[in-house]
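Heads up: the structure comes next, in C-alpha cells.
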Amino acid sequence: MELIMLSGGILVVPVLAFITSFLFWPGTLLKAYNWYWRRRLGLEVGYSHSGSYRFCYSSRGTPGGATPSLLLLHGFSATKDMWLPVVKYLPRNQHVVCVDMPGHEGTSRTGAEDYCIQGQVARIHQFVKSIGLNKRPFHLVGTSMGGNVAGVYAAHHPADLCSATLICPAGLVYPTDSEFISHLRELEKTEMKDSIPLIPTTHQELEDMLKLCCYTPLNLPRQVLRGLLANRMPNNGFYKEVFMEIVGEKSRHSLQENLHLITTPVQVIWGKEDQVVDVSGAAVLKTSLPNCQVEVLDNCGHSVALERPRKAANLIMDFLSAQEVNGENAKKLS
C-alpha cells in the first residue's frame, strides 16, 4: 500500500506542476514544450561569439555529408524554434543550423544598425564565419524577413552558397498589394500611430495576427494564446524598432535592389493565399532570376513552415538533389 501511495505521489507532482504552469505560467510551459521538441528532434542549442557579439542557434548533424549544410533564417519577431515543424521532416542525417536573427531570442540585442536588412546580412555572415559553416558551400533558407536577408546574402556572398531557398520573401516591389501592405500604407498616413498588425498587444490582436499569417485557422486554446502573448509582450519595443528598420527607406526593397547580383541557384516557395506579402512577388523573382524554381502552394498562407512543413522540407531536399544532379552533369560535359 505504501508503495502504491508513493508511486501515486510521484505521478501527482508532475501532473500538478503541468496544470499549474498551464493555468498561471503558460508562456513558460510553451518554452518548455519547445525545449522538449528540440530534444526529440536531436537539436542542440549552442552559442557562438564574435568579439562581444553572441549568436544563439540550434543544430543537428555534422557538415560534410552527402548534401550541403542547411542554414535556416526565421522571420520577423519569430525565433529559431519556428523551424521545428520543418526540421521534423528533414532527413535525420541532414546537417541543419537554425539561428536566432539579430536581437531575437538568444542573439545579442544591439541597435538599429544591426536591424536593417544590410545590417542583418552582415551579422549572419559574421555568424557563418564564427562556426566555420562557409568551409564548404551551404544551402541558405530564409522566410519573410529572413527571405529578404537570404536573398541579399546570396547577392553579396555568393562564394558561401551552393544555392538558396526564399520562402514568401519580403523586400520586393509587389505587383499586387497584400492586405498587410495596404494596411501599412494607411499607417503611413497616420505616421504609424495605429497598432502594427504583427506586434499584438491584446489577445484579439494576436488572433488577428494569426489569421493574417495563416490561411488555415489554428484554433489554439486560450491558454496557449495567453502563453504566446506573454512571451512576446516584453519584446514589443524591440520588435517595433526592428519593424521600423525593415520597412524604412533603406530596407523596404532591399531584395528587389539586389536581384541583379544574384547568381546562386534559387528556389522560391510561396503560399498562394499569403496576406502579408503577396504571391505576385513570385513572378517578380521568376522574371529577374529566369533559372529559379518557383513552387506556389495552394491553401497556404504566409506561414509556410507552420502550415505546410512536410511539403516545405520535401521541396527543399528535392531541390538540393536536383542541384547535385545538375552539378554532376555539368562536370561530365566539361
Side-chain angles (χ1 to χ4, degrees), residues 14-41 43 45 56 58 72 74-88 98 100-101 103-106 109 143-146 167-168 170 178-180 183-184 187 192 194-243 246 271 273-277 299-310 312:
V15 171
L16 285 177
F18 174 83
I19 294 173
T20 302
S21 297
F22 187 71
L23 292 176
F24 300 105
W25 301 291
T28 301
L29 190 61
L30 287 179
K31 290 180 179 180
Y33 175 72
N34 284 339
W35 173 86
Y36 171 73
W37 200 359
R38 284 196 301 268
R39 286 186 64 84
R40 282 204 63 184
L41 294 176
L43 287 163
V45 174
C56 181
S58 59
L72 310 181
H74 64 73
F76 169 75
S77 77
T79 74
K80 59 187 176 298
D81 289 334
M82 70 148 284
W83 293 111
L84 292 175
V86 174
V87 173
K88 176 183 177 181
C98 310
D100 285 325
M101 298 296 279
H104 291 71
E105 193 76 356
R109 190 167 291 183
T143 185
S144 195
M145 177 189 78
I167 303 176
C168 305
S178 66
E179 180 180 329
F180 176 65
H183 187 71
L184 282 189
L187 288 178
M192 295 286 187
D194 294 335
S195 62
I196 298 171
L198 297 181
I199 309 178
T201 58
T202 66
H203 284 96
Q204 185 57 56
E205 289 177 357
L206 178 60
E207 289 182 6
D208 292 342
M209 184 191 79
L210 294 174
K211 289 176 183 176
L212 182 70
C213 294
C214 300
Y215 174 73
T216 304
L218 296 180
N219 297 321
L220 297 175
R222 187 160 183 81
Q223 283 300 101
V224 173
L225 291 174
R226 278 188 60 201
L228 288 171
L229 192 61
N231 289 342
R232 292 179 61 92
M233 286 286 286
N235 299 302
N236 275 358
F238 161 71
Y239 293 151
K240 185 167 185 180
E241 185 178 6
V242 175
F243 183 80
I246 62 178
E273 315 299 334
D274 194 337
Q275 298 181 81
V276 178
V277 286
N299 302 319
C300 182
H302 186 66
S303 299
V304 173
L306 183 62
E307 294 188 85
R308 303 291 296 279
R310 186 200 297 267

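Computed from a predicted structure; not experimentally measured.
- Tested against Met209 for a side chain to side chain contact (heavy atoms under 4.5 Å, CB included), the candidates Leu198, Val276, Leu228 yield a single pass: Leu198.
- Between Trp83 and Thr143 the shortest side-chain heavy-atom distance falls below 4.5 Å.
- Here Gln204 contributes atom CD and Leu229 contributes atom CG; the two are 11.5 Å apart, rounded to the nearest 0.5 Å.
- Of all the heavy atoms in Cys300 and Tyr215, the pair that sits closest is C-CB, 3.8 Å.
- Arg310 meets the side chain to side chain donor-acceptor pair (under 3.5 Å) test with no other residue; sequence neighbours excluded.
- The NE2 atom of His203 sits 13.0 Å away from the CG atom of Asp208 when rounded to the nearest 0.5 Å.
- Going from atom CG of Leu218 over to atom OG of Ser303 covers 8.0 Å, rounded to the nearest 0.5 Å.
- Between atom CD1 of residue Ile246 and atom CD of residue Glu241 there is a gap of 12.0 Å, rounded to the nearest 0.5 Å.
- Of all heavy-atom pairs between Gly301 and Cys168, the closest is O-SG, 4.3 Å.
- One distance of note links CG of Leu43 with NZ of Lys88; it measures 13.5 Å at 0.5 Å rounding.
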Please report the C-alpha distance between Leu30 and Val224 in whole Å, then the side-chain angles of each, then the deciding distance to 0.1 Å, and finally whether the side-chain contact (heavy atoms from CB on, under 4.5 Å) criterion is met.
CA-CA 8 Å; Leu30 287 179; Val224 173; 4.2 Å; yes

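- Glu205 and Thr201 share a side-chain donor-acceptor pair at under 3.5 Å.
- When all heavy atoms of Lys240 and Ile196 are compared, the pair lying nearest together is CG-CD1, 4.2 Å.
- Atom CE of residue Met233 and atom CG of residue Leu206 lie 10.5 Å apart, to the nearest 0.5 angstrom.
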Going through the distances and angles, do Ile199 and Phe76 end up as a side-chain contact (heavy atoms from CB on, under 4.5 Å)?
CA-CA 10 Å; Ile199 309 178; Phe76 169 75; 4.0 Å; yes

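- Every pair passing salt bridge (Lys or Arg N to Asp or Glu O under 4.0 Å) that includes a residue from residues 27-41 is listed here, sequence neighbours excluded: Arg38-Asp81.
- Scanning both residues, Pro309 and Leu306, for their nearest heavy atoms gives CD-O, 3.6 Å.
- At least one side-chain heavy atom of Phe180 sits under 4.5 Å from a side-chain heavy atom of Pro197.
- Under the 3.5 Å distance criterion, the side-chain polar atoms of Asp100 are left unmatched by any main-chain donor or acceptor of Thr79.
- With Asn235 as the partner, the side-chain hydrogen bond (donor to acceptor under 3.5 Å, both in side chains) test is satisfied by one option alone out of Arg109, His104, Glu105: Arg109.
- With hydrogens and angles disregarded, no donor-acceptor distance shorter than 3.5 Å links the side chain of His302 to the backbone of Leu212.
- Side-chain contact between Val242 and Met101 is absent, with no heavy atoms from C-beta onward closer than 4.5 Å.
- With hydrogens and angles disregarded, a donor-acceptor distance shorter than 3.5 Å links the side chain of Gln275 to the backbone of Lys211.
- Of all non-hydrogen atoms in Ala305 and Met82, the two that sit nearest each other are CB-CE, 3.5 Å.
- Counting all heavy atoms, side chain and backbone alike, Cys98 lies closest to Lys80 at O-CB, 3.6 Å.
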